[in-house]
Amino acid sequence: ECMMRQAPDGDREMISQMAASSDTFFTADQMAALLSLLEGNRAERVNLVARSMHRLVGPNATARVLGLLSPPEYNALTEKVGVYALHYTPENPTMRYRLQLDVETDRSV
């Protein structure tokens, strides 16, 4: 949380380094703060979530973060990591996933 307060609004490089670090974990609230710094840049928001989604911690963190994405961002993330990866969480270790029928990519499955 301290690192996020120090991150200047436009410091995309720092956000990228945080997402790339294998020992950095994020709560859904921390990820929401990082995503807000990237508002309006769909590619960077999708990359941030794709690179760090396996390091989200807390109850329903993955679902909460996915809920912050716009439909085009969600679709781009699905294309990048695959529909199965979106629903693998510590709470869902069997990798059984839920389809969101309002999302075109999920309907096609």
Side-chain angles (χ1 to χ4, degrees):
E1 191 172 5
C2 179
M3 287 178 20
M4 289 189 342
R5 276 190 289 228
Q6 295 173 357
D9 189 39
D11 195 351
R12 285 166 169 60
E13 181 63 30
M14 181 179 208
I15 293 170
S16 178
Q17 288 175 358
M18 288 171 60
S21 173
S22 63
D23 61 350
T24 303
F25 293 83
F26 304 96
T27 65
D29 292 337
Q30 290 170 326
M31 185 58 65
L34 291 173
L35 287 171
S36 72
L37 294 175
L38 300 173
E39 195 65 44
N41 191 327
R42 180 173 59 185
E44 286 189 32
R45 286 169 55 93
V46 168
N47 281 334
L48 174 63
V49 174
R51 293 173 70 183
S52 55
M53 66 185 295
H54 63 284
R55 290 180 277 120
L56 293 171
V57 295
N60 300 316
T62 302
R64 289 177 56 202
V65 169
L66 293 177
L68 298 172
L69 300 177
S70 68
E73 289 171 337
Y74 181 89
N75 288 338
L77 182 65
T78 300
E79 289 176 19
K80 189 173 191 75
V81 301
V83 70
Y84 297 108
L86 296 181
H87 299 289
Y88 174 80
T89 66
E91 296 88 21
N92 186 15
T94 63
M95 291 192 57
R96 292 179 188 225
Y97 59 94
R98 294 183 304 235
L99 295 175
Q100 294 179 338
L101 297 179
D102 60 328
V103 177
E104 182 178 341
T105 310
D106 285 6
R107 278 196 310 270
S108 68
V109 173

Checklist entry - Any side-chain heavy-atom pair from V81 and V49 closer than 4.5 angstrom? => result no

Checklist entry - Which heavy-atom pair separates L69 from Y74 by the least distance, and what is that distance? => result CB-N, 4.1 Å

Checklist entry - When rounded to the nearest 0.5 angstrom, what is the spacing between CG in N47 and OG in S52? => result 10.0 Å

Next on the checklist: For E73, is there an ion pair with R42 - N to carboxylate O distance below 4.0 angstrom?
Outcome noted: no

Checklist entry - Does the side chain of V65 come within less than 4.5 Å of M53's, by heavy atoms? => result no

Next on the checklist: Please determine whether side-chain contact (heavy atoms from CB on, under 4.5 Å) holds for the pair V57 and F26, giving the CA-CA distance in whole Å, both sets of side-chain angles, and the decisive distance to 0.1 Å.
Outcome noted: CA-CA 6 Å; V57 295; F26 304 96; over 6 Å; no

Item to check | Side-chain heavy-atom pair L56, T27 within 4.5 angstrom cut-off | outcome: no

Checklist entry - At their closest point, which heavy atom of S36 faces which heavy atom of R45, and how far apart are they? => result N-NH1, 4.3 Å

Checklist entry - What's the spacing between M31 CE and L66 CG if we round to 0.5 Å? => result 10.5 Å

Next on the checklist: Can you give me the closest heavy-atom contact between F25 and Q30, atom names plus distance?
Outcome noted: O-OE1, 3.8 Å

Item to check | Donor-acceptor pair, side chain of N41 and main chain of E44, under 3.5 angstrom | outcome: yes

